[in-house]
Amino acid sequence: MNETIFTIGGAALEIYGYPQDLCQLRDSNPGKLTITVGGAAKKVAAHLVRYGLKPELVTALGNDARADIILKDCALAGIGTGHVFRTEGSSPAYMCTFDRDRDLLCGISDMDAFSALTPEALEPLLPAINGTALCLADSNLTEECLGYLASHLTVPMVYEPVSLAKAKRIGKALPEVSILRANRFEAGLLSGCSCDTVRGTLRAAEALLKAGVRYSYISLGSDGIVYCAEEDMGHIPAEELEPVNKAGAGEALSAAVIKAILDGKSVAECAAFGNSEAAKYCRGEYRPATCF
């Protein structure tokens with residue numbers, strides 16, 4: 001089996017601010033800051049390393065200190081960066097502040113560098129990508145770029161919607177998606193069905209199947225995961241846990257599902273493995289290597 005997996009999309013420097021007490025707007029607040037390297041494609045790649053796979057990250061970075069940090073983090077995590085595009089602008093970054101209840105107050109996203117990821121830029125990589133078992137693309141890519149990949153990949157395409165705001169960038173290429181890993185909100189948007197309940201999510205998964213998506217894995221947080229394929233569909237409850245950190249659990253699930261698919265597991269077995277691995281991540285049982 002070719003152990004190389006291409007993950008195409010986001011890699012960004014992320015800065016999070018947590019106030020010590022009530023956050024006073026228009027003022028300086030004591031608290032804690034954390035810095036990490038995120039981006040869906042990068043995070044999935046970092047988790048794939050744990051399974052003995054060799055992820056190759058395709059993203060766009062500037063020529064600045066942010067890029068140095070991101071590339072160093074990828075190197076420590078074991079992620080290949082030989083196909084990273086460089087631009088003259090700033091590297092992608094995201095900064096946000098939370099309130100004392102850990103709810104988002106405000107975020108600022110600087111992602112202009114991703115405009116370098118165009119069909120013309122990706123075309124020379126197609127032979128290498130199509131020589132692997134599958135390819136993951138996230139919605140940091142433009143609709144045009146996602147459509148190009150969907151129509152030119154000869155290997156299964158895994159689609160990671162990233163966020164509600166970006167999920168619909170898959171556009172008319174949704175029927176070309178082989179594997180969808182989304183949360184309930186993204187799945188609801190893409191299917192046109194409410195995913196407020198497990199039953200509603202099962203209906204959404206069935207609608208996605210009818211739309212052409214071959215395999216759907218829809219994460220429901222504390223409600224577990226819904227999976228769907230032509231041969232089987234169902235729901236797996238979440239494991240009981242006291243989460244250390246939920247941020248990034250979706251990417252952990254995606255990587256686990258990819259590993260199980262490559263191992264020839266059934267759709268139900270892939271969902272169960274993904275559910276279990278995401279729970280381990282939330283419990284803090286493992287974290288990908290990082291330079292921070």
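What you see is a predicted model; the values in this text were computed from it and never measured.
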Visitor: Hey, what's the ring geometry for His83 with Phe6, parallel, tilted or perpendicular (30° and 60° as the breaks)?
Guide: tilted
Visitor: Could you tell me if the side chain of Arg181 sits less than 4.5 Å from the side chain of Val44, heavy atoms only?
Guide: no
Visitor: Using the rule side-chain contact (heavy atoms from CB on, under 4.5 Å), only one of Leu57, Leu48, Leu71, Asp73 pairs with Ile79; which is it?
Guide: Leu57
Visitor: Could you tell me whether a side-chain N or O of Tyr159 sits under 3.5 Å from a main-chain N or O of Ala167, the two making a donor and an acceptor?
Guide: yes
Visitor: Report the C-alpha distance between Leu22 and Arg100 in whole Å, list the side-chain angles of each, state the deciding distance to 0.1 Å, and finish with yes or no for side-chain contact (heavy atoms from CB on, under 4.5 Å).
Guide: CA-CA 6 Å; Leu22 183 67; Arg100 61 180 175 182; 4.2 Å; yes
Visitor: Does some side-chain heavy atom of Tyr148 sit less than 4.5 Å from a side-chain heavy atom of Leu126?
Guide: yes
Visitor: So do the side chains of Leu141 and Leu149 get within less than 4.5 Å of each other, counting heavy atoms only?
Guide: yes
Visitor: Are there over 12 heavy-atom neighbours, none belonging to Met233, within less than 6.0 Å of that residue's CE?
Guide: yes
Visitor: Taking C-beta and beyond as the side chain, do Ser178 and Val155 meet within less than 4.5 Å on heavy atoms?
Guide: no
Visitor: Quick one: pull up OG1 in Thr7 and CD in Glu160 and give me the separation to the nearest 0.5 Å.
Guide: 10.5 Å
Visitor: Hey, mind stepping through Asp232 and Tyr227 against side-chain contact (heavy atoms from CB on, under 4.5 Å) and telling me if it holds?
Guide: CA-CA 8 Å; Asp232 188 20; Tyr227 61 90; 3.5 Å; yes
Visitor: Is there side-chain contact between His47 and Glu251, with at least one heavy-atom pair below 4.5 Å?
Guide: yes
Visitor: Quick check: does any side chain N or O of Asp138 sit under 3.5 Å from a backbone N or O of Leu136, one acting as donor and the other as acceptor?
Guide: no
Visitor: I'd like to know if the side chain of Ser219 reaches the main chain of Gly221, judged simply by a donor and an acceptor atom lying under 3.5 Å from each other, with no hydrogens or angles considered.
Guide: no
Visitor: Salt bridge check: are Lys280 and Glu277 linked by an N-O gap of less than 4.0 Å?
Guide: yes
Visitor: In Å and rounded to the nearest 0.5 Å, what is the CD1 to CG distance from Ile170 to Leu189?
Guide: 12.5 Å
Visitor: Would you check if Thr97 and Cys23 make a side-chain contact, meaning some heavy-atom pair closer than 4.5 Å?
Guide: yes
Visitor: For Arg184 and Asp196, indicate whether the former's side chain and the latter's backbone hold a donor-acceptor pair under 3.5 Å.
Guide: yes
Visitor: Would you mind reporting whether Phe85 and Leu122 have side-chain heavy atoms less than 4.5 Å apart?
Guide: yes
Visitor: Please check this pair: side chain of Glu230 against backbone of Arg214, looking for a donor-acceptor N/O pair closer than 3.5 Å.
Guide: no
Visitor: With a 6.0 Å cut-off (strictly less than), is the heavy-atom count around CD of Glu231, excluding the residue itself, greater than 12?
Guide: yes
Visitor: Mind running side-chain contact (heavy atoms from CB on, under 4.5 Å) on Leu262 and Ile5 for me, showing each step along the way?
Guide: CA-CA 10 Å; Leu262 296 180; Ile5 300 292; 3.9 Å; yes
Visitor: Tell me whether Leu253 shares a hydrophobic cluster with Val49, the cluster being built from Ile, Leu, Val, Met, Phe, Trp, Tyr side chains joined at under 4.5 Å.
Guide: no
Visitor: Hey, does the side chain of Ser276 reach the backbone of Ala272 with a donor-acceptor pair shorter than 3.5 angstrom?
Guide: no
Visitor: Scan for side-chain hydrogen bond (donor to acceptor under 3.5 Å, both in side chains) pairs involving residues 56-72, sequence neighbours excluded, and state none if there are none.
Guide: Asn63-Arg86, Asp64-Ser91, Arg66-Asp110
Visitor: So Cys135 and Met157, do their side chains get closer than 4.5 Å, heavy atoms only?
Guide: no
Visitor: Please evaluate residues Leu208 and Leu190 with respect to the criterion side-chain contact (heavy atoms from CB on, under 4.5 Å), reporting the C-alpha separation (whole Å), side-chain torsions for both, the decisive distance (0.1 Å), and the verdict.
Guide: CA-CA 8 Å; Leu208 289 166; Leu190 292 172; 4.1 Å; yes
Visitor: Taking the six-membered ring for Trp, are Tyr51 and Phe273 parallel (under 30°), tilted (30 to 60°) or perpendicular (over 60°)?
Guide: tilted
